[in-house]
2 protein chains.
Amino acid sequence: MTTDAAHESTEGRLRSAGLKVTAPRLAVLDAFPADPIHLSADEVYARVAPALPSTSLQAVYGVLAALVASGLLRKIEPAGSAARYEKRIGDNHHHLICRGCNAIEDVDCVIGEAPCLTPSDTHGFRLQAADVTFWGLCPSCQAALAE
Amino acid sequence: MTTDAAHESTEGRLRSAGLKVTAPRLAVLDAFPADPIHLSADEVYARVAPALPSTSLQAVYGVLAALVASGLLRKIEPAGSAARYEKRIGDNHHHLICRGCNAIEDVDCVIGEAPCLTPSDTHGFRLQAADVTFWGLCPSCQAALAE
DNA sequence: GCAGTTGTTTTGATGTAATCAAAACAACTG
DNA sequence: CAGTTGTTTTGATTACATCAAAACAACTGC
């Protein structure tokens, strides 16, 4: 038996992305348990470090960059806070960020994909992507402010 | 005569924003000549420094922050490059950024304001703003890539 | 006009987030 | 199992921005 059942799908995804299967990469990918989770490099490192004591934060940056380049992770770079990574990819969803605590929620645009991806004037640009970010206050930060 | 005609409107905007009128602030505001221009703190400093030799980059950061807080400038923080500032405010326009050279163009959403400001699920957030950023390649970067 | 108060700018240090280069190392090929 | 190639580690370095305190200038009332 050549594959560890617990890592079966994670390993398979690395292989089909043309990446070598290494312990840091398995650990980083497995640090994203559920889909709607958004972790900073720091947070990923905190989750990975206990199992891999020899890992450094720089290594995590390298692994994350490789996974983003291969399309296994998506990088989000909100204004004013550290970059976050998420496993939910391939669908055009957007983000709702709390200005109080930087919490991030996934949202789908109410009108679907097309309109937000079509500016009125492209200025000759070849369009590649569109980011939509909503800013506001999450329920607990609203409560904290109301006190 | 108490006001310099060349600075009349700039000065007036500072006053009505409740800010003291100082040389650095006049110079920074006047560094934005036409509306659709997007300058980084560095670029503002480069435009301001010749006329105000005693100004430092930190001072420019301070002035820019004050102007943004007063609503006289808008701050844009694109992923992967330094923050930019623009004078066009009060309308809900978006930005088109070149991944090759970081050039920024203004765009208006084809469907107007409302739809892009309305996510399907607010997760209980109190919404404050929505940013839309389009990513692509500007004409000259397309040409450079085609060579 | 002039002095006091308040807000602003300057100066210098500090911090965070992230990248880079080179050496040590491990995964996949035959 | 050995060689090659790609990855990780280590350490230094960068870019961008913020903070604190002292020096300073703008606006108020006199």
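No hydrogens, no waters, no symmetry mates; every other heavy atom, side chains included, goes into these values. Order of the sequence lines sets the chain letters (A, B, ...), proteins ahead of strands, with each chain counted from 1.
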ask   = When you check the phosphate oxygens OP1 and OP2 of C:dC28, does a side-chain N or O of A:R15 lie under 4.0 Å from one of them?
value = yes
message = So B:A66, base contact, sugar-phosphate only, or nothing? Heavy-atom distance under 4.0 Å.
response = nothing
query = Expressed in angstrom and rounded to an integer, what is the separation of A:Y61 atom OH from D:dT10 atom P?
reply = 17 Å
ask   = Given that both distances must come in under 3.5 Å, which nucleotide forms a Watson-Crick or G-U wobble pair with C:dT16?
value = D:dA15
remark   = Taken to the nearest whole Å, CD/A:E43 to C1'/C:dT16 is 15 Å
message = Taking any heavy-atom pair under 4.0 Å as a contact, classify B:T55: base, sugar-phosphate, or nothing.
response = sugar-phosphate
ask   = Quick one: does A:L29's side chain get under 4.5 Å of A:L14's, heavy atoms only?
value = yes
ask   = Roughly how many Å is it from CG in B:L67 to C1' in C:dT9, rounded to a whole number?
value = 13 Å
ask   = Hey, are B:D106 and B:H38 close enough side-chain-wise for a donor-acceptor pair under 3.5 Å?
value = yes
ask   = Less than 4.5 Å apart, any side-chain heavy atom of A:R84 and any of A:I104?
value = yes
request  = Report the C-alpha distance between B:E43 and B:R47 in whole Å, list the side-chain angles of each, state the deciding distance to 0.1 Å, and finish with yes or no for salt bridge (Lys or Arg N to Asp or Glu O under 4.0 Å).
outcome  = CA-CA 6 Å; B:E43 290 164 346; B:R47 286 168 176 243; over 6 Å; no
message = Within the structure provided, determine whether B:W135 and B:L96 are in side-chain contact (heavy-atom separation under 4.5 Å).
response = no
ask   = Under 4.0 Å between a side-chain N/O of B:R25 and OP1 or OP2 of D:dA26, yes or no?
value = no
request  = Determine which nucleotide pairs with C:dG1, using a 3.5 Å limit on both distances of a Watson-Crick or G-U wobble pair.
outcome  = D:dC30
ask   = When all nucleic acid strands are considered with a 4.0 Å heavy-atom cut-off, which category describes B:A65: base, sugar-phosphate, or nothing?
value = nothing
task = Return the value, rounded to whole Å, for the distance between atom CG of B:L52 and atom P of C:dT10.
result = 8 Å
ask   = Do A:S56 and A:Y61 come within less than 4.5 Å of each other through their side chains, counting heavy atoms only?
value = no
note = Taking a pair to mean Watson-Crick or G-U wobble geometry with both distances below 3.5 Å, C:dT6 pairs with D:dA25
query = In whole angstroms, how far is the P atom of D:dT8 from the OH atom of A:Y45?
reply = 15 Å
ask   = Could you state the CG-P distance from A:L26 to C:dA27, rounded to the nearest angstrom?
value = 10 Å
5' precedence on DNA chain C between B:P24 and B:K20 (nearest-nucleotide basis) = B:K20
query = Separation of A:E77 atom CD from D:dC16 atom P, in whole Å?
reply = 13 Å
request  = Check the distance between C:dG15's C1' and A:D42's CG and give it to me in whole angstrom.
outcome  = 13 Å
request  = May I ask which nucleotide in the shown strands pairs with C:dG30, Watson-Crick or G-U wobble, both distances under 3.5 Å?
outcome  = D:dC1
ask   = Which of the following nucleotides, C:dT10, D:dT8, D:dC16, is nearest to the side chain of A:A59?
value = D:dT8
query = Which sits closer to the 5' end of DNA chain D, A:L19 or B:L57, going by the nucleotide each is nearest to?
reply = A:L19
ask   = Taking the side chain of B:A83 as its heavy atoms from C-beta onward, which of D:dT8, C:dA18, D:dA17 lies nearest to it?
value = D:dA17
inquiry  = Under 4.0 Å, heavy atoms only, any strand: does A:S54 hit a base, just the sugar-phosphate, or nothing?
reply    = sugar-phosphate
message = Taking any heavy-atom pair under 4.0 Å as a contact, classify A:T22: base, sugar-phosphate, or nothing.
response = sugar-phosphate
